[in-house]
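Data first, discussion second: the structure below is written as C-alpha cells.
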Amino acid sequence: MKPGIDIDSFRTEHESDEQWEFRRGFMEEHKANFEEDELVVLAQLFTNIEFLGCRYPPETMKRVAKLSEKVAAKYRESRKNKLKRTFVEASDAAEQKAKRTFTN
C-alpha cells in the first residue's frame with residue numbers, strides 16, 4: 001500500500017466505533033504487505049467474520065485467521081466482560097412462560 005493512503009477514508013457510515021477500530025487496526029498492521037484493494041477486502045472479511053459471524057471458503061478463513069491473529073486476540077479479549085446473549089427455542093420459552101418456570 002502506498003504510504004500516503006488515508007486509511008481513515010475507508011470507514012463506512014454504518015460501522016460502529018468498535019468495528020472500525022478493529023478493521024482499521026487490521027489495515028494498519030498489514031498496509032505494507034498488500035495492495036490497497038486487497039487490503040480493504042481482507043479487512044472487510046475480517047470484520048464480517050468477527051462481528052457478523054460470516055463464513056467463507058476454508059482457504060479464505062485460514063488466510064484471514066492467520067492475518068488477524070493479533071487484532072482478533074485484542075477484540076476477543078475486549079469482549080470477555082461484555083454481556084452475552086443466550087438463545088432459547090421459541091417453543092421452550094413459550095412452555096416456560098406457560099408453566100411460569102424460568103431457568104437460567
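What you are looking at is a predicted structure, and each value in this text was computed from that prediction instead of being measured.
- In this structure, Ser68 OG and Leu45 CG are separated by 10.5 Å, a value rounded to the nearest 0.5 Å.
- The distance from atom CG of Asn48 to atom CD of Gln19, rounded to the nearest 0.5 Å, is 9.0 Å.
- In this structure, OG1 in Thr47 is found 11.5 Å from CD in Glu18, a value given to the nearest 0.5 Å.
- Ion pairing between a basic and an acidic side chain is recognised when a charged N comes within 4.0 Å of a carboxylate O; Arg11 and Asp17 show such pairing.
- Ionic pairing of Arg63 and Glu38 is present here: one or more N-O contacts between side-chain nitrogen and carboxylate oxygen are shorter than 4.0 angstrom.
- At least one side-chain heavy atom of Met27 sits less than 4.5 Å from a side-chain heavy atom of Phe10.
- One finds the OG1 atom of Thr60 at 12.5 Å from the CZ atom of Arg55 (value rounded to the nearest 0.5 Å).
- Ring orientation note: the planes of Phe26 and Phe46 are close to parallel, at an angle under 30° on the 30°/60° scale.
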Verdict with reasoning, Val64 to Tyr56, per side chain to side chain contact (heavy atoms under 4.5 Å, CB included): CA-CA 10 Å; Val64 172; Tyr56 298 96; over 6 Å; no

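- Here the options are Val71, Leu42, Leu39, the test is side chain to side chain contact (heavy atoms under 4.5 Å, CB included), and the partner is His30; only Leu39 passes.
- Across all their heavy atoms, Met61 and Cys54 have their closest contact at CE-O, 4.3 Å.
- Under the salt bridge (charged side-chain N to carboxylate O under 4.0 Å, His left out) criterion, Glu59 pairs with no residue at all, not counting sequence neighbours.
- Scanning for side-chain hydrogen bond (donor to acceptor under 3.5 Å, both in side chains) contacts around Glu15 gives Thr12, Arg23, with sequence neighbours left out.
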